[in-house]
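Encoded as structure tokens, the structure appears first; notes follow it.
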There are 2 protein chains.
Amino acid sequence: MPPVNLKRLAQELNLSIATVSRALQDSYEVSAHTKERVRALAAELNYQPNAYASSLRRNVSKTIGVVIPEVNNHFFSLAINGIEEVARQSGYHVLIYLTHDDYEREVGITQYLTGGRVDGLLMSVASESREFEHLQKLYASKPAIVFFDRVCEALPTAKVTTNDYESGYLATAHLIEAGCRHIAHLLVSGNLSIGRMRMQGYQAALREHGLEFDETLVLTGDADDERNKERIMDLLRTRPEVDGIFASVERLALSSYQACKELGRAIPEQIKVVGFSNLGVASLLDPALTTITQPAYDIGRQAATILLRAIEKKKAILPSQSVVLKSELFARRSTAR
Amino acid sequence: MPPVNLKRLAQELNLSIATVSRALQDSYEVSAHTKERVRALAAELNYQPNAYASSLRRNVSKTIGVVIPEVNNHFFSLAINGIEEVARQSGYHVLIYLTHDDYEREVGITQYLTGGRVDGLLMSVASESREFEHLQKLYASKPAIVFFDRVCEALPTAKVTTNDYESGYLATAHLIEAGCRHIAHLLVSGNLSIGRMRMQGYQAALREHGLEFDETLVLTGDADDERNKERIMDLLRTRPEVDGIFASVERLALSSYQACKELGRAIPEQIKVVGFSNLGVASLLDPALTTITQPAYDIGRQAATILLRAIEKKKAILPSQSVVLKSELFARRSTAR
DNA sequence: GAAACGCCCGCAAACGTTTGCGTAGATAAA
DNA sequence: TTTATCTACGCAAACGTTTGCGGGCGTTTC
């Protein structure tokens, strides 16, 4: 049997393709009676418009891309939930790309995306990325871009972030007030603005509480959890005075737990730990983990909303549309006195 | 400046569009010299083919869809990792759709997907789905489909699952051997084959160990964690003899922890818990959770591999290509004697 | 009565690619 | 010289949709 497309509908109804197309779009140029006939047959034959033909003609794909480091991470999976939610409501489709924090992959992916496959892009850059030329190229190739969390400051577009400086400050101050004097800071990349902000908050809190910043207590992790754990253990062994850990990313907080377990250091008695985390089970950990929790779901929603609004209005996205949401500190047993 | 497409390249090189197209595809019908010229200019202008025009013409989109209940779940996020991995390697793009275990959404999404937007589909059906007519329609509309984990048995296509019957048996036997005599079974949907299998394993283990099956100890949860917790608490209050819980899905295991905490029941002294889970931090919970862990990443990889192979060969997918992977039991403190 | 207008609808071009077919020119075979 | 073979390329149709333009027909306006 012939495929069910506009031509097929037109033939069966003795109409032109143009009229059928317009009828389905509820155009004012076609009579109510005809519209009804068209819709009836379309429903009966279960007509589904060819998305590619439509995209080609209109130069609009009703698709957005999401480029993130990983999905097996509560922050990003919650963000995706938010993104998918608003995309679906607006009839948009969501393409997903994972960089695994690998610079090469990120470059490859952005290559793809300069082809006009997506109308817009939501992005959280890979921690390894030091060069942003690929992002510049991507930006030049038109699609609307909104960065979230791990932003690229070099591009003049909207960014959705959290109050990272304050959060870093808050986490550190919380440890100090709990009695810590030698606080290690675990982060994942020094060249991400988000990491720098948290670091500055950390430093400011130390300074204002009369503690001096010791850069040998700063440890930069990577994507390998096992290695991170080893390095944390090394740090704890060589610097036995460390009595607090501020992990600026979930994975490193968990690796710290592992490290302490293996070394037999008691949390919170010997070492207190606070970490950025969206772990739903933080309160069920042993001991319950004190967290700085980002409103991941809302971040996703906001970023997607800004993006879609710009796409629909065919307007460029401005940095002035940037949003800063607030993270929250949940004090639990891992930082109890 | 004019857009950079085949026409533009052709003009600048004094060639026909056809030749340029063929050159870029490394066709044997174009000379090495010309190919080189074309490639050079394409690279210089950063030419990216229009994916929609190409898809329209070839009737192939190089895109697969992934339809799952949620992404904020370790099983699915790991599976996505596997899927994205093999898709990327083969040059495929991944569209993602979340059903939130909602039947209506699943129907809506499958509607979309009958439009030929994707070459193939990976699916894990929503727990609420009782009717599968929408899946039948989808199946009839051609795209290759592979189910994983939460399969729809009614469709004659490949399925990637785990040994759910054995796992259910194993988990239950493990509890019994740890001394439990009144074991509750928490599941999420009785009409999913996966749930039935686990249930049967549970029953078989009871039977073979001389315990009788008590259906009032079976609790069917839903998507609302708070309500699930309440219901578990109700169960534990009205049936104080319950000394073991087998949660056939991660969320319910965690809700059980919450419930026990609120009721002051000690795990594992008073109640032992085992649950299906891909939680990386299971060992860091209080107490460490005994889990049945599915090879989620491999499931994703396998399912995607089967799907892509079928797409590339343009062959229908047969049930005979189904794969059953093995889950593993990790005994931890939550089931210690 | 002609002119003007509004309602419906069809024609055909366009979006950027791919691909079957045709062919000009060069070389080889007869 | 003629014929056949091959290489390298161009022409044009096709994929399914959207949309500017034009026109037939009926109603209103002066």
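Every chain is numbered from 1, with letters handed out A, B, ... down the list of sequences.
For the 3.5 Å distance criterion, the side chains of B:Asp119 and B:Ser61 qualify, holding a donor opposite an acceptor. Between the side chains of B:His93 and A:Tyr112, not a single donor N or O lies within less than 3.5 Å of an accepting N or O.
Contacts of residues 6-17 of chain A with DNA chain D (heavy atom under 4.0 Å): A:Leu6, A:Ile17. Residues from residues 24-34 of chain B that place a heavy atom under 4.0 Å from any atom of DNA chain D, listed by number: B:Glu29, B:Val30, B:Ser31, B:Thr34. Residues of residues 38-52 of chain B having a heavy atom closer than 4.0 Å to DNA chain D: none are found.
Looking only at side-chain heavy atoms (C-beta outward), B:Leu155 and B:Gln136 come within less than 4.5 Å of each other. No side-chain heavy atom of B:Gln302 sits less than 4.5 Å from a side-chain heavy atom of B:Ile299. B:Leu45 is listed as a side-chain neighbour of B:Arg8, based on a closest heavy-atom distance under 4.5 Å. At a threshold of 4.5 Å between non-hydrogen side-chain atoms, the residues B:Phe148 and B:Phe76 count as touching. Side-chain contact between A:Thr34 and A:Thr19 is present, with at least one heavy-atom pair separated by less than 4.5 Å.
At a cut-off of 3.5 angstrom, counting only N and O atoms as typed in the model, there is a donor on one side and an acceptor on the other between the side-chain of B:Arg22 and the base of C:dG20.
The CG atom of A:Asn5 sits 14 Å away from the P atom of D:dA14 (whole-angstrom rounding). C:dT17 atom P lies 18 Å from atom CG of B:Asn59, rounded to whole Å. The separation between A:Arg58 atom CZ and C:dC15 atom C1' is 13 Å, rounded to whole Å. Rounded to whole Å, atom C1' of D:dG16 lies 9 Å from atom CG of A:Leu56. Atom-to-atom, NZ of B:Lys62 to C1' of C:dT17 comes out at 16 Å; the value is rounded to the nearest Å.
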message = For A:Asp26 and A:Lys35: C-alpha separation, side-chain torsions, deciding distance, then whether salt bridge (Lys or Arg N to Asp or Glu O under 4.0 Å) applies.
response = CA-CA 7 Å; A:Asp26 204 19; A:Lys35 279 183 193 171; 2.9 Å; yes

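No option in B:His100, B:Gln111, B:His134 other than B:His134 meets the side-chain hydrogen bond (donor to acceptor under 3.5 Å, both in side chains) test with B:Glu106.
Closest approach of A:Asp101 and A:Pro69 over heavy atoms only: OD1-CB, 3.5 Å.
For A:Arg105, the CZ atom sits in a packed shell: over 12 heavy atoms of surrounding residues, nucleotides or ligands are nearer than 6.0 Å.
Nearest-nucleotide positions on DNA chain D for A:Pro3 and A:Ala18 put A:Pro3 closer to the 5' end.
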